[in-house]
Each structure stands twice: as structure tokens, then as C-alpha cells.
Amino acid sequence: EINYIHTAILQTEGDSVWVIDATLRHGVDRHPLDTFLRDFTLDDGSLPRLDVMRGKDNSLREKWIEKALEYVGEEYDPAFLPGNGAHYCTELVYDSFLDKDGNNIFTAKPMNFKASDGTFPPYWVKLFRLIGHDIPQGIPGTNPQDMAKDPVLVKVEYDIARR
């Protein structure tokens, strides 16, 4: 099974491809695809697997892009908390993809930061201690793994690395 670690929104304008996403390096930003690919290039010069998905009902795609652009300039949200004026990657997608009535098309679920043995891995303990927040265990949120499996999305054939 693929371990998805990031989500982003692709925007096309003519022959140009832009990425709107939330990262620690850029915060919420819109940048050319080349910048995104450079940022995610692995140490050996290769790219991780990049899957492209779209909404099964993609009729609101322009509204989704407009909504995502409203968040450009916000900081990255290392605390993974909803409604705090910052966004992490899937939170940006969650908040941007609304149906015609303004409801989220994705479902937030209680976040789980625990390992299979029920303990918090040292990585999470260290991160949240460093930023001065409690681990948001159980708070509704999103993650790349669940979002990639959401039935509102369909995978499309698109070789992003060769675009």
C-alpha cells in the first residue's frame, strides 16, 4: 500500500501548471510545478511516486481553486489544528473543496498520532513539545492517506514529472 505523505492542488492556466499547497518551507503558497518538483526531489535525484486525483464531480473545480487561493499567504500549521488561521496540506484541500451549498466534500475524522501499541511515537512528542502544543489526538482533521482513499476522488492518468 502506498504511504501518501502530502497533498496539493494543481491549477492549470493555458500551458502552465501551478501548485497550491501548504508546506513548512513556503506556508500556504502558489508556485510553479517546477518549484514543487524541486522541493520534493529525493536525495538520490528521483521523485517520490506522485498520484494525481480529481473530484468525481469536478464541476466546481474553478470554485475550489478560487477558495484555495484565498488561503495563500497563511502560515503552515504544525499544530494540525482547525480554524487557527494556518493550514497543513490536507486541511487546505479540505477547506477549499466545498460543494455547491458550501459544505466540505471530504469528511474530517478524529486524528490519531499513536503507534499501533497505543503510545505516541517520539517524533510526535518532540514536535508538539517544540511548538508548545498538546498532541491533537482525537481532534477532527484530515491526512493524506485517508484523503487519497476518499470516494469523492478518482485517480487520473497524468505523468506530473514529465509535464
Side-chain angles (χ1 to χ4, degrees), residues 1-72 74-82 86-100 103-116 121 123-124 127 136 139-163:
E1 183 174 321
I2 297 169
N3 180 27
Y4 291 100
I5 62 165
H6 186 65
T7 60
I9 300 167
L10 291 179
Q11 177 190 21
T12 57
E13 286 184 343
D15 291 340
S16 298
V17 178
W18 297 86
V19 176
I20 306 165
D21 67 349
T23 62
L24 190 56
R25 176 180 283 174
H26 300 286
V28 179
D29 192 32
R30 176 184 182 261
H31 41 262
L33 177 61
D34 290 348
T35 299
F36 175 83
L37 295 176
R38 188 172 46 255
D39 287 350
F40 282 88
T41 297
L42 302 174
D43 290 340
D44 67 3
S46 67
L47 285 169
R49 178 174 169 169
L50 302 169
D51 287 341
V52 177
M53 300 179 190
R54 67 168 180 79
K56 279 186 181 175
D57 175 0
N58 213 26
S59 63
L60 296 173
R61 66 187 171 276
E62 295 303 322
K63 294 285 187 198
W64 297 336
I65 296 291
E66 287 174 21
K67 188 66 176 171
L69 290 171
E70 291 178 16
Y71 300 114
V72 169
E74 286 187 356
E75 293 184 19
Y76 179 75
D77 183 8
F80 302 100
L81 296 172
H87 279 86
Y88 57 95
C89 67
T90 53
E91 182 185 24
L92 173 65
V93 175
Y94 176 83
D95 285 348
S96 299
F97 284 56
L98 306 175
D99 67 17
K100 61 181 175 59
N103 301 308
N104 301 93
I105 69 165
F106 294 101
T107 303
K109 299 177 182 173
M111 290 192 281
N112 180 23
F113 293 84
K114 291 183 178 181
S116 58
Y123 169 83
W124 292 122
L127 171 70
I139 291 177
T142 56
N143 67 71
Q145 200 68 21
D146 286 342
M147 193 168 275
K149 295 176 186 174
D150 198 297
V152 301
L153 295 177
V154 61
K155 188 174 167 184
V156 296
E157 293 301 318
Y158 184 85
D159 190 350
I160 195 169
R162 293 182 190 235
R163 177 80 174 139

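Fair warning: this is a prediction, and the values are worked out from it, not measured in the lab. We're numbering straight along the sequence, starting at 1.
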Q | Sequence-distant partners of K109, side-chain contact (heavy atoms from CB on, under 4.5 Å), two or more places apart | A |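 Here the qualifying residues are D146.
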Inter-residue atom distance [X].[atom1] - [Y].[atom2], 0.5 Å rounding:
X	Y	atom1	atom2	answer
Y76	H87	OH	NE2	12.0 Å
M147	Y94	CE	OH	9.0 Å
R49	I2	CZ	CD1	3.0 Å
F36	T41	CZ	OG1	10.0 Å
R61	I9	CZ	CD1	14.5 Å
L37	H31	CG	NE2	9.0 Å

If you take all heavy atoms of [X] and [Y], which pair is closest and at what distance?
X	Y	answer
P78	L127	O-CD2, 4.1 Å
P140	A108	CB-CB, 4.1 Å
V154	G55	CG1-O, 4.3 Å

Q: Kindly state whether the ring of F80 and the ring of Y88 have centres lying under 6.0 angstrom apart.
A: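 Centroid separation for F80 and Y88: below 6.0 Å.
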Quick one: does [X]'s side chain get under 4.5 Å of [Y]'s, heavy atoms only?
X	Y	result
L92	V28	yes
W64	I105	yes
I5	P144	no
K63	L98	no
I139	L81	yes

(Q) If you apply the rule side chain to side chain contact (heavy atoms under 4.5 Å, CB included), what do you find for Y4 with D51, and how did you get there? (A) CA-CA 9 Å; Y4 291 100; D51 287 341; 2.4 Å; yes
Q.
Give me each pair satisfying salt bridge (charged side-chain N to carboxylate O under 4.0 Å, His left out) with a member in residues 18-33, each pair once, sequence neighbours excluded.
A.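 Passing the test, one end in residues 18-33: E13-R30, R25-D39.
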Quick check against the 3.5 Å criterion: does [X] have a side-chain atom that pairs as donor or acceptor with the backbone of [Y]?
X	Y	result
W18	T12	no
K67	D95	no
N104	F106	no

(Q) Assess the residue pair D150 and M53 against the criterion (side chain to side chain contact (heavy atoms under 4.5 Å, CB included)); give the C-alpha distance rounded to whole Å, side-chain angles, the decisive distance to 0.1 Å, and a yes or no. (A) CA-CA 10 Å; D150 198 297; M53 300 179 190; over 6 Å; no
For atom [atom1] of [X], is the number of surrounding heavy atoms from other residues, nucleotides or ligands below 6.0 Å larger than 12?
X	atom1	answer
D43	CG	no
Q145	CD	yes
L24	CG	no

Q: Take T142 and V93 through the test side chain to side chain contact (heavy atoms under 4.5 Å, CB included) and record every step on the way to the result.
A: CA-CA 9 Å; T142 56; V93 175; over 6 Å; no
